[in-house]
Number of protein chains: 2
Amino acid sequence: MSVIPTIKDVAREAGVSYATVSRALNDHPEVSDETKKRIIKIALEMGYQPNAIAQGLVKKETKTVGLIIPDITNPFFPEVARGIEDAAVEAGYTIFLCNTNWDAQREERYFDVLIQKQVDGLIIGPSSEEVSHLGRVLDSGIKTVFISRAINHANSTSIIIDNILGAQQAVEYLIQRGHRKIAFIGGQEDISASRERLQGYTQALNNNGLALDESLIKTGSFKRDSGYFIMNQLLKSDDCNRPTAVFAANDLLALGVIQAVKENGLSIPEDIAVVGFDDIEFASLPEIQLTTVSQPKYDMGRLAFSTLMELIRGGGYSSGRKILLDPVLVVRQTS
Amino acid sequence: MSVIPTIKDVAREAGVSYATVSRALNDHPEVSDETKKRIIKIALEMGYQPNAIAQGLVKKETKTVGLIIPDITNPFFPEVARGIEDAAVEAGYTIFLCNTNWDAQREERYFDVLIQKQVDGLIIGPSSEEVSHLGRVLDSGIKTVFISRAINHANSTSIIIDNILGAQQAVEYLIQRGHRKIAFIGGQEDISASRERLQGYTQALNNNGLALDESLIKTGSFKRDSGYFIMNQLLKSDDCNRPTAVFAANDLLALGVIQAVKENGLSIPEDIAVVGFDDIEFASLPEIQLTTVSQPKYDMGRLAFSTLMELIRGGGYSSGRKILLDPVLVVRQTS
DNA sequence: ACTCTTGCCGTAAACGTTTACGAATGTATT
DNA sequence: AATACATTCGTAAACGTTTACGGCAAGAGT
């Protein structure tokens, strides 16, 4: 319960004014090396820790950024988060973890909280495309970069995988393998990632002269049970229209799809081929071997943080940049 | 770039002193309902957001807690984190995410940072058992609860699964199934969770009159590639001493083990049975069906936060409590 | 009509820092 | 010896809140 000493305690101990202590600890030139060393030694001995709250108040900078993501439980995000976090510690920043559970309202409340906590910047993943509240944040001038979420706003920077291209590659690969009836199982419809992957899907069909079959396009949420549920429905419908391949908008959905397929006595990839998106770690397990579109998750996290730093340090406008990362189709054994 | 209004701006607009604004917004009784409403309305219109940094400085409370965990990439921790986070938002708290990558030094540096940021409390998962720096933190009086990490310190509260019991159940189950040569593959030796699970393992052997075979006890780190590596080594050694079952100290290790077993042309569970620990979501996948000891991860997170709240609100000492949660053996198809 | 409450609000201090400004001393320049 | 300048440090203001204290007006009690 020993109370932490303040800068004044250190000053008293050293017999100088607390301004001098501050200057000594921050290595200002206008204090002699001698007293500087003496003060630093005393501060160490006393276990002095600068109060970052007080520092933040006067410096108007908290060395803190908020990370708003929809679902820390989806293995995609921890990988990204780790990249962000690693870059953050190197830069001396700490991050607030804000999990929205895909709830736009909770996301909005988090904005207010983070603004109140005076974060220096924001990294936001998708929760929905309802951007009315996002506009408010961007207008407030707080530096923000979006990950895997495209926002149509002048000064917003986004780091996203080329969803259209990735989906297109995946579906065209399936077409090359001879598939003609390819289903699309998406996540929440109001998430741009889901919409763009659908767009890549339709584009691939178009490019190869295949007709769009609306009954083969289903959306739910980016979770495993959603994929399981949807695929079961697809399989229950008339047999003649059963797809021979499924492109799932993320790996969790794909895992649900696989489970449904197997439980219906069908085999993968013989009866139905499955391709996912994200390439989470478990996609590479020998038992899974999911063919999927890979994203550089960890590097995406690092990149997100470093561009945020540019915004913060640059001070200028966020000039609406949109950084596109390249997807890579990883062919394994479910296709 | 519109600058956020302060309480003084609101006061000027409302024609009152800023003290009155503060009182109105905090619903103090000594301001008339009339002006209260008027001020609140004006504050809303101006988009006023209280500066939590300034509030924290005077109230000596930041509504912020630090979460220090070793590996956000291990699916065990996101589940716990989600529980913590959900409980935190309900209580109006925000959490700092601190990932140590199992690095004790990084953990130690995070202590200082979080103390400087004046967190109201700390939730700490295991990084190592090197507790010299932990003692410093506990002595500082900051309210702390440990998850899945037992600390021998007077005023520390821990929430842990009964590792000994869980491991014992798992191994005795294997013994009942007729196994006599059961290997133990652990995580870092300086993690109490790993040590206690080893303890449960030996206890189960003892209880059933089985001799300990040191050559069947291996440790590495709590990661999949570690399990893969160790299991390969075990299989490379002389065939006559090959185990017929493996108890892995967590599910990630077990997944690595399974991969190694299969790659060596052996089948599970016929040639070698495998049991894990944690019951991460992927253990229940139809392709995996891992027999494992289940932990109530989400609830553990909620519990961790609520007991932290008790410590903070109670103000008293953390009275060295140790809350033991019950493990549940989930039998699937790898045993 | 006087004091006593009561209700409402403003003044100012405090939280722990950083930093502009000024003061004091010593050294160099003329 | 007088001036100028550099070095080193202290004083005080500022950051945006909360809150103890005091003041003032209005109503109640005598």
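Just so it is clear, the model here is predicted, and its values are computed rather than measured. Letters A, B, ... are given to chains in the order of the sequence lines, protein chains preceding strands, and every chain is numbered from 1.
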Does A/Ser22 reach the side chain of A/Ile7, with side-chain heavy atoms less than 4.5 Å apart? yes
Just how far, in rounded Å, is C1' of D/dT18 from CG of B/Asp27? 15 Å
Using only side-chain N and O atoms of B/Tyr48, determine if any of them is under 4.0 Å from OP1 or OP2 of D/dT17. yes
Atom CG of A/Leu25 and atom P of C/dT19 are separated, to the nearest Å, by 13 Å
Residue met sooner reading DNA chain D from 5', once B/Ala19 and B/Ala54 are mapped to nucleotides: B/Ala54
Quickly work out the B/Asn51 CG to C/dT17 C1' distance and round it to whole Å. 14 Å
Heavy atoms under 4.0 Å, any strand shown: does B/Val58 hit a base, just sugar-phosphate, or nothing? base
Categorize A/Ser22 for me: base, sugar-phosphate, or nothing, with a 4.0 angstrom heavy-atom threshold over every strand shown. base
Roughly, in whole Å, what's the span from CD in B/Gln118 to C1' in D/dT17? 16 Å
Taking the minimum atom-to-atom distance to the side chain of B/Arg23, which one of C/dA20, C/dG16, C/dC9 wins? C/dC9
How many whole angstroms separate atom OH of A/Tyr18 from atom P of C/dA20? 15 Å
Phosphate OP1/OP2 of D/dC9 contacted by A/Thr35 side-chain N/O (<4.0 Å): yes
Atom-pair distance (CG on A/Asn26; C1' on C/dG16), nearest Å: 13 Å
Look at all strands and tell whether B/Glu30 reaches a base, only sugar-phosphate, or nothing, counting heavy atoms closer than 4.0 Å. base
Report yes if a side-chain nitrogen or oxygen of A/Lys60 is closer than 4.0 Å to either non-bridging phosphate oxygen (OP1 or OP2) of D/dG16; otherwise report no. yes
Report yes or no: does A/Thr307 contribute a side-chain atom to a donor-acceptor pair with the main-chain N or O of A/Phe305 at less than 3.5 Å? no
Does a side-chain N or O from B/Ser17 land closer than 4.0 Å to OP1 or OP2 of C/dC9, or not? no
B/Phe96 ring center within less than 6.0 Å of B/Tyr110 ring center: no
Rounded to whole Å, the CD-P distance (A/Glu61 to D/dG16) equals 15 Å
Nucleotide C/dA14, atom C1' - distance to CG of B/Leu57 in whole Å: 9 Å
Do B/Gln188 side-chain atoms and B/Phe222 backbone N/O form a donor-acceptor pair below 3.5 Å? yes
D/dG16 OP1/OP2 closer than 4.0 Å to side-chain N/O of B/Thr6: no
Is the backbone N or O of A/Thr73 less than 3.5 Å from a side-chain atom of B/Arg82, with the two atoms forming a donor-acceptor pair by type? no
